[in-house]
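Reading through the structure tokens given below for one structure.
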Amino acid sequence: MADIKISGKIKLKTFQSEFCEKFPYLVPTLVNKEGTRLSNDYTIAKCNTLVNGEYSPIKVDDLSINGNLQVGTLEKRFMECFGIPCQVIYRKNGKNLQTGPKYDGMTITEANRVLESEDAEKMVLSEITSYL
């Protein structure tokens with residue numbers, strides 16, 4: 001499985017689109033410190049500036065993600081590497097929900113498979129709202 005590469009220059013919607021192609025029942029969203037989702041039209045660097053009040057140096061040139069990474073680890077790595085809180089969400093019964101402890105210890109591939117078997121809905125990026 002090919003890695004998904006993320007850098008400060010990539011738009012959030014580009015990353016999310018690649019992610020959803022591989023894992024259609026999950027999508028990482030970036031949020032500010034109050035938990036409001038950041039616009040998918042922003043680059044990772046712009047999200048960093050909005051969250052931190054000024055640009056804070058990004059600690060990596062790029063971050064690689066693959067299906068063997070745990071959901072909780074993905075969220076932690078976004079904060080460590082880019083200084084931006086990340087919430088992985090899924091959709092069930094018409095609602096976007098955060099993964100939480102039940103899925104955080106699972107690999108992304110495993111969580112995607114479990115959500116599919118639990119009748120979660122495939123993520124549609126245009127339906128993710130509540131932007132800053």
*asked:* Measuring only between side-chain heavy atoms, which start at C-beta, is L63 closer than 4.5 Å to F78?
replied: yes

*Hey, does T29 have a side-chain heavy atom less than 4.5 Å from the side chain of Q16?*
yes

*asked:* With heavy-atom distances below 4.5 Å as the criterion, would you say the side chains of V31 and C86 are in contact?
replied: no

*Under the side-chain contact (heavy atoms from CB on, under 4.5 Å) rule, collect the residues that match up with D104, sequence neighbours excluded.*
V71, E75, T99

*Shortest non-hydrogen contact from L30 toward C47*: CD1-SG, 4.2 Å

*Is any side-chain heavy atom of N32 closer than 4.5 Å to a side-chain heavy atom of I84?*
no

*What do the steps show when you test F19 against I4 for side chain to side chain contact (heavy atoms under 4.5 Å, CB included), and what is the final call?*
CA-CA 7 Å; F19 191 94; I4 300 169; 4.0 Å; yes

*asked:* Which heavy atom of P85 sits nearest to which heavy atom of M79, and what is that distance?
replied: CG-CE, 3.6 Å

*Are a donor atom and an acceptor atom from the side chains of S64 and K5 found within less than 3.5 Å of each other?*
yes

*Would Y55 end up clustered with L50 when hydrophobic side chains under 4.5 Å apart are linked, directly or stepwise?*
yes

*Applying side-chain contact (heavy atoms from CB on, under 4.5 Å), name anything that partners E118, two or more places apart in sequence or on another chain.*
K92, K102, Y103, V114, L115

*asked:* With a 4.5 Å cut-off on side-chain heavy atoms, are S39 and L12 touching?
replied: no

*Output, in order, the C-alpha distance, side-chain angles, deciding distance and verdict of side chain to side chain contact (heavy atoms under 4.5 Å, CB included) for K122 and Y25.*
CA-CA 5 Å; K122 289 186 178 182; Y25 295 93; 3.5 Å; yes

*E121 and N93: which non-hydrogen atoms are nearest, and at how many Å?*
OE2-N, 2.9 Å

_Testing the basics here: between L26 and A111, what is the closest heavy-atom pair and its distance to 0.1 Å?_
CD1-CB, 4.0 Å

*Check whether any side-chain heavy atom of I44 lies under 4.5 Å from a side-chain heavy atom of K9, and answer yes or no.*
no

*Can you see which heavy atom on V27 is nearest to which on M123, and at what distance?*
CG1-CE, 3.5 Å

*Please report the closest heavy-atom contact between V51 and G83, naming both atoms and the distance.*
CG1-O, 3.7 Å

*Would you say the side-chain atoms of Q70 pair up with the backbone N or O of G105, donor to acceptor, closer than 3.5 Å?*
yes

_Distance check, rounded to the nearest 0.5 Å: K22 atom NZ versus E18 atom CD?_
7.0 Å

*Measure the spacing between NZ of K76 and CG of L69 and express it to the nearest 0.5 Å.*
10.5 Å

*Let me see the working for R37 and I89 under side chain to side chain contact (heavy atoms under 4.5 Å, CB included), right down to the final yes or no.*
CA-CA 11 Å; R37 290 188 191 113; I89 62 173; 4.0 Å; yes

*Do F15 and I65 touch side chain to side chain, with heavy atoms closer than 4.5 Å?*
yes

_I'd like to know if the side chain of T109 and the backbone of G67 have a donor-acceptor N/O pair within less than 3.5 Å._
yes

*Steps toward side chain to side chain contact (heavy atoms under 4.5 Å, CB included) verdict (F82, I6)*: CA-CA 10 Å; F82 299 118; I6 309 155; 4.1 Å; yes

*Ignoring hydrogens and geometry, is there a side-chain-to-backbone donor-acceptor pair from N52 to N48 under 3.5 Å?*
yes

_Pairs where residues 107-116 contributes a residue and the test salt bridge (charged side-chain N to carboxylate O under 4.0 Å, His left out) is met, not counting sequence neighbours_ = none

